[in-house]
Amino acid sequence: MAESAVSFLFNQLTVLLRQERELLGGIGNNAVYIRDELGQMRAFLRAADAREDSDEQLKEWVKTVREITYDTEDVLAMYMLRFSYQRRDTRRWLNWYIKKMYTSVISLRSHHRIASQFQEIRLRLDNVSKSRERFKDVYADMNERSSNKTYDTRGDALLLEEAEVVGIEKPKKQLLEWLMPTDGLKIISVVGMGGLGKTTLVKKIYDDASVKANFNSHVWITFSENFNLNNLLREMIIDLANEIMVTPPPNLEAMTGVKMKEYVYEFLKDKTYVIVLDDVWKIDAWKSIRYAFPRTKACGRIIVTTRLYNVGNAACSQTNDHLYPLNPLTPEKSEELFHIKAFRRNSCPPYLKEISESILKRCEGLPLAIVVVGGLLSTKNNNLEDWKMFELNIGVESQEDSLKGMNRLLSLSYYDLPYYLKACFLYLSIFPEDELLLKWKIIRLWIAEGFVEAKEGNTPEEVAESYLNELLNRSLIQVADTYNDGRPRKFRIHDILRNFIISKSKEQNLLTVACGEEMSCPDKILRMAITTSFNESCNFQYLRSLFWLEFADSESGMMFQKVLGGGCRLLKVLDIRGAPIDSIPSKVFQLYFLKYLSLRRTNIKHIPKSIGNLENLETLDLKKSKVTEFPIEILKLHKLRHLLVYSYGVKSIFHCITRTLKAPYAIGRSLTCLQKLCYINADEADGIKIVREIGKLTQLRKLGITKLRREDGKDLCSSLGKLTKLRTLFIYSMEEDEVLDLDHYSLSSSSSSSSSPLPFLRKVFLRGFMEKLPQWVYSLDGLTELQLSWSRLKDDPLQHLGDLPNLSYLGMGQLSYEGEELIFKERKFQKLKSLHVWYLRGLTSVRVEKGCMPHLVQMTLHDCEVMEELPEGIEHLTNLKDLSFIEMSENFIWRVVMQKEEEGFEWKLAHVAQVRGFSLVDNEWTRWLG
């Protein structure tokens, strides 16, 4: 984490020195020295971060470096704050006048004080650099720290007795089936987060009698974070030789890596063999050894265990390979394992039942957590008071001696993170327990905090999304909800991991949680989450982020005002969602550095003109607030990227904006960073201008146009052709019979670099009379969701839509198609997962040919009143799991029910896990199939 803080400051100073060195005046030389010295420290800190837990002196040294880094950032921020006022005043003057204004507005006294602070920091940094020599051994053996200095609890997993391993029956059975001898090489990857029992499971399979009987050679090789390939190969050769009681090659120590791989290849090519590669951390590790295993007719099995999905996928590159994602234990199996460890195979005493369930719930099915916690509680002799004390402390005191084994395990994953991910990961501790983490909220917050590094060719959002994907790949977060196309929408973090990062965040002074009057505050609070009233004597001068958690008590409203009044001029993030306030304190609009402002679910109705002072604001979240108007000063927010408005009684952003602005087309010149613009009323004069100007907002990711008239279609297509970064598009016509005229050449020919006019467009919702779909829709190779309503298509659109390579959701809505039959032809819709058809009153039949929609999981037929038969060929949809019939005709219901109940009749839907039918009778929904 110290490495992370230093790297961010180093990058910040580099950018500042490059862009505004002249304006840094007398502090420029000191800034250069500090940047260069920090740059030299980064590699050393990478090793020190991983060693500080076991070395108190080193820990203090790292803490000193971290404090110097924070102090430097504070002084730099104060300097830029003072300079910002001067810069604002000089915008209207000629460029040559800036220097003169600089010397006249900023007093020499203030400038000298800041220069003096930089000089002091330089001296502190110089001293700490000299003291680094005491720890030079850290740098010397940084490549060996994981094997020599970090306690590896995987070894403990191998010592568990068979009777102590629960919940492995199903995965063991599956893996043994995959291992059964057949010709050729097969690779099996077992993937899951640390502590799930991957090593334990595979060891039991490796030792299974059937495996020993069916394979000639057996080798277990354990990788580490920083493995030595030659050492691993030597170990493998020795084990192979010893198993058949032959002498290893006499020149083994002198053999190169290539020669050793050749030896392994020749040794195995005529044998049946099973080899375990345990805890592989990197794809390169797999690539470095994979060609040692022959792909001959002889039966070979490689089992790879890894925490990383990309490593598991990389290993499983052939069609006969398998990847097994290992999941947490079920509640029943968790309880069984807990009782084995905590009660020494005895039953749980009745007076401990409730508290044991509470403790067990925190382990969330993680076997190693259950073993560690259960082992500790077994020493408490079933003493209720001791158990209560443990329950009280388990969520906050994650540095208890009893839990150090778990923390060291988690540390393996944490310290392996690149520096830019450490702060991002620890930052997740700011969210309350059990709260689902919204993907876009996390992304916006990371960007506002400055955690996201610039990357050429990518937007900050794209870089931040790659950070999330990397944490997901490392099994440090879990997907809790997805979009229709399968992309992650919400995440959750395992409670044990959350306790770990809370502990680390507190230790690194990343976050302070206000938890009562008696709380102790660090000398410098950087980020604060308010949950209740707290110690008013805390120093808020250097506060960067303030979060109001929605369960904060009523008194914390006054505390919030006091915090803002505490001179926190460096605030970047202010999230007061759900706060019981109806006005915004005026001090908020003096926060020059503010990048993220959330007023979600507040009672605020009015946004003052001073909003225009927040020139660095990137996110303004007003969802479910009571705001109905914006002042024209919002056009001053040139850096605004995310404007989120779905207010009570106000459907969208532009319902608010168009009431206020006299010249809405000015947005094309002002809010050029804006990424979301939804539900513009195109029937108003302002809306017509916006349709013509919308193409200037080249950063738009999401666009919604309502009440579009036929004559405006050409202008809209012209604008759309310029929005090459668009992801989501809503277009609604003015009336049900109003034509959507969207088939214009200006859009289809807009992109010279791609066959698709809108290469990143994923979701399209069209509602309006078209008769035929615009041709450009069929060329949207990235399209994942399509929904049509009122289209009145005369020709079956499925013929061409079925060729879209990534379409996963299709909605054929009200009056979208006037034909009598929908035909899903062979080999079409290869990625479709959800199909919904509703209010097609002329539809008589649906036909599904074999080989179409092979991945369809969900289907709904709703109010297709003349349809009387089940879709023909529905039995071909072998992956269909959820099928719903809503408000279908009586004949349709009768046929489906009778077919199900008729004795000896093979029901076409027998393969579907959930089949439901609903009808509206006497204004109440009645279920007729289940």
Side-chain angles (χ1 to χ4, degrees), residues 12 15-16 18-20 22-24 73-74 76-95 97-98 101-102 105-106 444-450 452 454 459-461 543-546 564 567-576 584-599 604 606-622 627 629-645 653 656-657 660-661 663-664 666-677 696-700:
Q12 186 179 2
V15 172
L16 193 64
R18 183 173 63 245
Q19 295 179 350
E20 304 190 49
E22 181 181 355
L23 299 175
L24 288 174
E73 190 178 356
D74 292 337
L76 188 63
M78 286 296 186
Y79 179 86
M80 296 308 297
L81 183 63
R82 289 188 173 92
F83 174 68
S84 70
Y85 291 116
Q86 173 269 120
R87 179 156 50 184
R88 291 182 210 173
D89 292 337
T90 59
R91 278 200 185 115
R92 68 189 69 179
W93 301 91
L94 297 174
N95 289 338
Y97 201 60
I98 291 180
M101 290 295 294
Y102 172 79
V105 175
I106 300 182
R444 291 168 190 142
L445 285 170
W446 280 351
I447 293 172
E449 294 282 5
V452 178
T459 65
E461 288 78 12
L543 195 66
R544 297 295 199 281
S545 306
L546 178 61
L564 285 182
C568 48
R569 301 166 67 194
L570 306 183
L571 213 60
K572 292 181 180 179
V573 172
L574 180 58
D575 187 341
I576 51 175
I584 312 171
S586 59
K587 287 186 179 293
V588 169
F589 302 105
Q590 299 171 18
L591 299 173
Y592 172 73
F593 292 109
L594 194 66
K595 293 185 176 183
Y596 183 101
L597 176 60
S598 176
L599 305 172
I604 292 170
H606 175 67
I607 301 293
K609 294 181 179 180
S610 50
I611 186 76
N613 293 335
L614 302 178
E615 56 187 81
N616 286 302
L617 194 66
E618 296 174 349
T619 297
L620 178 58
D621 185 353
L622 297 169
V627 174
E629 291 186 2
F630 287 117
I632 198 169
E633 281 74 14
I634 196 172
L635 294 180
K636 295 180 181 180
L637 304 181
H638 295 271
K639 296 183 180 180
L640 192 65
R641 304 171 69 84
H642 305 281
L643 179 55
L644 312 174
V645 183
I653 294 170
C656 298
I657 293 180
T660 307
L661 305 184
I667 287 175
R669 297 193 298 268
S670 299
L671 300 178
T672 53
C673 292
L674 202 63
Q675 294 189 9
K676 291 191 176 183
L677 199 57
K696 295 178 180 179
L697 300 183
T698 56
Q699 298 302 311
L700 275 185

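Since we're looking at a predicted model, the values are computed, not measured.
Residues satisfying the side chain to side chain donor-acceptor pair (under 3.5 Å) test with Ser545, not counting sequence neighbours, are Glu449. Residues passing the side-chain contact (heavy atoms from CB on, under 4.5 Å) test with Ser610, sequence neighbours excluded: Phe589, Pro608, Asn613. Among residues two or more places apart in sequence or in another chain, the side-chain contact (heavy atoms from CB on, under 4.5 Å) test is passed with Glu461 by Trp440, Ile443, Ile447, Thr459, Arg641, His642, Gln675.
Going from atom CG of Asp621 over to atom CG of Leu597 covers 8.5 Å, rounded to the nearest 0.5 Å. For the atom pair Leu674 CG and Thr698 OG1, the distance stands at 11.0 Å (nearest 0.5 Å). The OG atom of Ser598 lies 8.5 Å from the CG atom of Leu574; values are rounded to the nearest 0.5 Å. Distance check, rounded to the nearest 0.5 Å: OG1 of Thr619 to NZ of Lys595 gives 10.5 Å. Note that the CD atom of Glu618 and the NZ atom of Lys572 stand 10.0 Å from one another [nearest 0.5 Å].
Here the shortest heavy-atom pairing between Lys639 and Asn616 reads NZ-OD1, 2.8 Å. In terms of heavy-atom proximity, Leu543 sits nearest to Cys568 at CB-CB, 3.9 Å. Closest non-hydrogen pair, Leu614 versus Leu591, comes out as CD2-O, 3.5 Å. Here the shortest heavy-atom pairing between Val573 and Ala448 reads CG2-CB, 3.8 Å. Here the shortest heavy-atom pairing between Tyr596 and Arg444 reads CE1-CB, 3.8 Å.
Leu643 places a side-chain heavy atom less than 4.5 Å from the side chain of Ile634. Residues Leu571 and Gln590 form no side-chain contact, since every pair of their non-hydrogen atoms from C-beta on lies 4.5 Å or further apart. Annotation: side chain of Ile607 is in contact with side chain of Leu622 (closest heavy-atom distance under 4.5 Å).
When Val627, Leu640, Leu594 are each tested for a side chain to side chain contact (heavy atoms under 4.5 Å, CB included) with Leu620, only one passes: Leu640.
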